[in-house]
Amino acid sequence: MIPYGRQSISQDDVNAVVDVLNSDFLTQGPTVPLFEDAVKDFVGSRFAIAANSATSALHLACLALGVGKGDIVWTSAITFVASANCAIYCGASVDFIDIDAQSYNMSVSDLEQKLILAKKSGKLPKVLIPVHLCGQSCDMQNIFELSKKYGFKIIEDASHSIGGKHHDSFIGSCRFSDITVFSFHPVKIITSAEGGMCTTNNSDLARTIELLRTHGITRDENELANHSEGTWYYEQQLLGFNYRMTDLQAALGLSQLDRLNTFISSRNKIAEMYIDDFSGSKITFQKLLDNNLSAYHLFVIQIEEKDTGLSKKKIFEALKKMGINVNLHYIPVYRHPYYQSLKSYEKKDFPNSEKYYSTAISIPIFPDLNEDDRQYVSKSILGMIL
Ligand SMILES: *Cc1c(COP(=O)(O)O)cnc(C)c1O
């Protein structure tokens, strides 16, 4: 089976992890800050705080921005559930923005319409979580302008997109946001097995995220509320969690970061070849906006039933039979039974997400995908078009 995505592990990666295994620190030790500094330097943010997953990092980001009971958070309808769950963890309610039919990212015009209505009814969001789907940045400059006008904060869910660029800045620089979150799950661009990271340019947010990652505990003399009672002394100041990354994970992430540029260029090359193969056919794919370099975590194509005579289910089954393990990213979040139990989200409010859901297929893209396999994928798909 050719997977839709997979990690690329080198001997250097293996050695880096083994070195940590033989060291004094297995969990958060000296390697975590090295990884944080390297990511921060790469993306051009002032601070980077590692966590044990992007899901944890998103939760920490929401808490740091003060999301709580009674607050409203908006995110894209087409994303992994974690982009929305993080707000629910904090007791907030969630609503969704339909995607743009071409870029697959949150539609800025729909966002603006929804903001106008929300302002009238006094239900503006506290935080917006744009998701850079497949590795392409959302239209952050315009989203940022809307945030100034309507007074909300921004967390970029950049789980797909480390190494991507927007307006000449690396995603994660937080030029147009308060916090950016990355995922280092094995299918993502670089991996630490499980792992995530927040980047920000705001020192208060960085410190709060850092505190909450470790139970809300500090040992820093300058931060203590009371006088130190001795060298054993520490204080829990907030209700935090154990969301720490291990040094084993950080060593893998740090070693992978060396190859980030190579990964991005291999992914872009594969994408270009798919685009060449499918141009002129009835297959459509994500349109890249000007000023964007995609990290191409995913390559999504859209095929309509009228062009193949086959339902999406049949296409999936046929491709799997041919040894191509296609996938779907994602089921619109509001369709999940859990979200339906919270509120009666209506499909008619999300026409582009519904259309996407009925036609989108993620096809294989990852740095080690060889050219024979890639051509086989293109040919197999083109062979289904009438
Ligand atoms: C993978 C992913 C997450 C969660 O990442 P983990 O590191 O697995 O917790 C969140 N948001 C999006 C968009 C993702 O793709």
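All ligand and atom numbering here is 1-based and tracks the order in the structure.
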**Request:** Number the atoms of ligand 1 from 1 as they appear, then name those within less than 4.0 Å of a heavy atom of S53, with their elements.
**Result:** 7 (O), 9 (O)

**Request:** Please verify whether a non-hydrogen atom of S83 lies at under 4.0 Å from ligand 1.
**Result:** yes

**Message:** For K188, which part has a heavy atom under 4.0 Å from ligand 1: side chain, backbone, both, or neither?
**Reply:** side chain

**Asked** Of the backbone atoms (N, CA, C, O) and the side-chain heavy atoms from C-beta on, which set of A54 has a member under 4.0 Å from an atom of ligand 1: side chain, backbone, both, or neither?
**Response** both

**Item:** Whether H297 lies under 4.0 Å from ligand 1, heavy atom
**Value:** no

**Request:** State which residue, out of N291, L289, L293, I171, fulfils the side chain to side chain contact (heavy atoms under 4.5 Å, CB included) condition with S137.
**Result:** I171

**Backbone of N327 reached by a side-chain donor or acceptor of N325 within 3.5 Å** = no

**Prompt:** Should G195 be listed as contacting ligand 1, given a heavy-atom distance under 4.0 Å as the test?
**Reply:** yes

**Prompt:** For ligand 1, which atoms have a heavy atom of T79 less than 4.0 angstrom away?
**Reply:** 13 (C)

**Request:** State which residue, out of S177, S45, S173, fulfils the side chain to side chain contact (heavy atoms under 4.5 Å, CB included) condition with N201.
**Result:** S45

**Request:** Number the atoms of ligand 1 from 1 as they appear, then name those within less than 4.0 Å of a heavy atom of A82, with their elements.
**Result:** 10 (C)

**Message:** Checking a contact table here: which protein heavy atom is nearest atom 4 (C) of ligand 1, and how many Å away?
**Reply:** T55 OG1, 3.6 Å

**Asked** Are the ring centres of F35 and F184 closer than 6.0 Å?
**Response** yes

**Item:** Minimum heavy-atom distance I162-A295, with the two atoms named
**Value:** O-CB, 3.6 Å

**Message:** Among K282, K355, K312, exactly one meets salt bridge (charged side-chain N to carboxylate O under 4.0 Å, His left out) together with E304. Which residue is that?
**Reply:** K355

**Asked** Quick one: does ligand 1 sit under 4.0 Å from the side chain of F182, the backbone, both or neither, non-hydrogen atoms only?
**Response** neither

**Asked** Which is it for D157 and ligand 1 at heavy atoms under 4.0 Å: side chain, backbone, both or neither?
**Response** side chain

**Item:** F285 and Y274 aromatic centres sub-6.0 Å
**Value:** no

**Fill in**
atom 10 (C) of ligand 1 sits nearest the protein heavy atom S159 OG, 3.4 Å

**side-chain contact (heavy atoms from CB on, under 4.5 Å) between N105 and V131, intermediate numbers included** = CA-CA 7 Å; N105 279 329; V131 182; 5.6 Å; no

**Fill in**
Closest heavy-atom pair, H185 versus E194, reported as atoms and distance to 0.1 Å, is CD2-OE1, 4.4 Å

**Message:** Checking a contact table here: which protein heavy atom is nearest atom 15 (O) of ligand 1, and how many Å away?
**Reply:** H160 NE2, 2.7 Å

**Complete:** A student checking ligand 1 against Y330 at a 4.0 Å heavy-atom cut-off should list atoms 15 (O)

